[in-house]
Amino acid sequence: MPTSFNQQLDEASVLTASFTHAERAPGIEELYSKGAHIATLTYDLGNPALAKEHRRTSTCPTNCNAMAGACARLPHDFIYGASVDHNGDGVADRVNAEGELVTGAELLKREFRNVNVRFTGAELSAAYAPAQGFSFSAMADTVRGVVTGTTSSGGSNNNLPRVSPSRVGAKLTWRGGSDSAWYADLGATHVFTQNRVVAFESATPGYTRLDASLRYRMRFAANRHADLYLLGRNLGNRDIRVHTSFLKDVAPMPGRSLFLGITAYY
């Protein structure tokens, strides 16, 4: 049930506001899971009593020389898998493939449940072409997710788990040569430390990732060409842990990587 409003501020600027109400039924895995999920190293327990999830989302983007926007989402009966501490030792339960609490077990036990939550966020992006063939772009975004109707006490809080940390980034690109055959870019993204964590969840340190690429396009005929490329990823060789991943503590992102290849289009 979407509703939207648009206001032309001037020839290059538009203010938009929208409201959306949506519902979704629980997924099969959220209702009936009972066992190990090896891809995420979790032991998931579904909940057949889960209610439908209701979402009310309000957004307010502005399009002028830059794109800026704010968003608020208020899911009622939001469904997520919560870590548990049934043995009361102060750490998240880890079990074996049979769901038994044993020393050295690797599977994080999760139970699906309904909670009322609030997501708020903002984003900004801008692009600028300072000279022929060159362009510069920048972005920033942030989001916060909390469980509503709860209070912080003891070692607990009302944060949601695995919420993406704030980010800022920029990229410089260049196109040149005959028919823009050459392309190069250099970009950096800084991800801030995520320490707004829930009980039984660890904080994730921030990092700055540097990437670059160089490409030469060889044209043979209309709609037929080949790209010879060199890609550099995580050139600073940073220890990158993705906070939204269940495997962040055991499987970091790859270190410095170089790729040389060719892609043909025909």
I need the Leu235 CG to Asp211 CG distance, nearest 0.5 Å. 6.5 Å
Grouping I, L, V, M, F, W and Y whenever their side-chain heavy atoms are under 4.5 Å apart, do Ile240 and Leu210 come out in a common cluster? no
For Ile79 and Ala51, work out which heavy atoms get closest and say how close. CD1-O, 3.8 Å
Least distance between heavy atoms, Asp77 atom then Asn114 atom: O-ND2, 2.7 Å
Measure the spacing between CE of Met139 and OG1 of Thr189 and express it to the nearest 0.5 Å. 6.5 Å
Is a donor from one side chain sitting under 3.5 angstrom from an acceptor on the other, for Ser18 and Thr59? yes
Parallel, tilted or perpendicular, judged at 30° and 60°: which one describes the rings of Phe78 and Phe119? perpendicular
Taking the side chain as C-beta and beyond, is there a heavy-atom pair between Val147 and Val117 under 4.5 Å? yes
Do Arg233 and Met253 touch side chain to side chain, with heavy atoms closer than 4.5 Å? no
Might you point out which heavy atoms bring Val168 and Ala140 nearest each other, and give the distance in Å? CG1-CB, 3.8 Å
Between CG of Leu214 and CH2 of Trp174, what distance do you get to the nearest 0.5 Å? 8.0 Å
Distance-only side-chain donor-acceptor flag, Thr193 / Asn195, under 3.5 Å: no
Residues at least two apart in sequence or cross-chain that pass salt bridge (charged side-chain N to carboxylate O under 4.0 Å, His left out) with Asp141, listed by chain then number, are Arg167
Is there a path of hydrophobic side-chain contacts, each under 4.5 Å between heavy atoms of I/L/V/M/F/W/Y residues, joining Met218 to Tyr266? no
Measuring from atom CZ of Arg110 to atom OG of Ser83, what distance do you get when rounded to the nearest 0.5 angstrom? 8.0 Å
Check: His76 and Glu23 side chains under 4.5 Å, non-hydrogen atoms: no
Which pair of heavy atoms, one from Gly255 and one from Asn234, lies closest together, and at what distance? CA-ND2, 3.4 Å
So Val163 and Arg196, do their side chains get closer than 4.5 Å, heavy atoms only? no
Strictly by modelled atom types, are Thr142 and Ser166 linked by a side-chain donor-acceptor pair under 3.5 Å? yes
Do the side chains of Ser202 and Val197 get nearer than 4.5 Å, heavy atoms only? no
Does Phe246 reach the side chain of Arg162, with side-chain heavy atoms less than 4.5 Å apart? yes
Between Tyr80 and Arg113, is a side-chain contact (heavy atoms from CB on, under 4.5 Å) present by the stated rule, with each step listed? CA-CA 6 Å; Tyr80 82 109; Arg113 59 184 60 169; 4.1 Å; yes
Quick one: do His37 and Glu29 satisfy side-chain contact (heavy atoms from CB on, under 4.5 Å)? Show the steps, please. CA-CA 10 Å; His37 193 312; Glu29 68 281 2; over 6 Å; no
Considering all heavy atoms, the nearest Ala25-Lys52 contact: CA-CG, 4.3 Å
Any donor and acceptor pair, going by atom type alone, linking the side chain of Asn116 with main-chain N or O of Thr148 inside 3.5 Å? no
Are there more than 12 heavy atoms of other residues, nucleotides or ligands under 6.0 Å from atom CZ of Arg209? yes
Compare all side-chain heavy atoms of Ser213 with those of Tyr229 and state whether any distance is below 4.5 angstrom. no
Distance from Leu186 atom CG to Phe136 atom CZ, nearest 0.5 Å? 10.5 Å
Has Arg238 got more than 12 heavy atoms of other residues, nucleotides or ligands less than 6.0 Å from its CZ? no
Quick one: do Leu45 and Leu41 end up in the same hydrophobic cluster if we chain Ile, Leu, Val, Met, Phe, Trp and Tyr together by side-chain heavy atoms under 4.5 Å apart? yes
Using ring-ring contact (aromatic ring centres under 6.0 Å, His included) as the criterion, list what pairs up with His54, not counting sequence neighbours. none
side-chain contact (heavy atoms from CB on, under 4.5 Å) partner of Leu108, the single match among Asp93, Thr42, Thr40, Val95: Thr42
Common cluster, Trp182/Ile262, ILVMFWY with side-chain heavy-atom separation under 4.5 Å: yes
Where is the tightest heavy-atom contact between Phe200 and Val84, given as atom of each residue plus distance? CE1-C, 4.2 Å
How about Asn223: does its CG atom have over 12 heavy atoms from other parts shown lying under 6.0 Å from it? no
Ring centroids only, cut at 6.0 angstrom: are His21 and Phe19 within range, meaning strictly under it? no
Cut-off 3.5 Å, no hydrogens considered: what does the side-chain donor-acceptor table look like for residues 98-106, sequence neighbours left out?
residue : atom : partner : partner atom : Å
Glu100  : OE1  : Asn96   : ND2          : 3.0

Ser135 and Thr173 side chains, donor-acceptor separation under 3.5 Å: yes
Mind running side-chain contact (heavy atoms from CB on, under 4.5 Å) on Lys248 and Gln194 for me, showing each step along the way? CA-CA 12 Å; Lys248 70 183 182 74; Gln194 180 57 288; over 6 Å; no
Leu15 versus Cys60: any side-chain heavy-atom pair under 4.5 Å? yes
How are the rings of His190 and Phe192 set relative to one another: parallel (under 30°), tilted (30 to 60°) or perpendicular (over 60°)? perpendicular
Can you confirm whether more than 12 heavy atoms, excluding those of Arg224, are under 6.0 Å from its CZ atom? no
In this structure, CZ of Arg55 is separated from CG of Leu74 (nearest 0.5 Å) by 12.5 Å
Can you check side-chain contact (heavy atoms from CB on, under 4.5 Å) on Thr204 and Asp249, steps first, answer last? CA-CA 9 Å; Thr204 303; Asp249 294 324; over 6 Å; no
With clusters defined by side-chain heavy atoms of hydrophobic residues (ILVMFWY) lying less than 4.5 Å apart, directly or transitively, does Val250 cluster with Tyr207? no
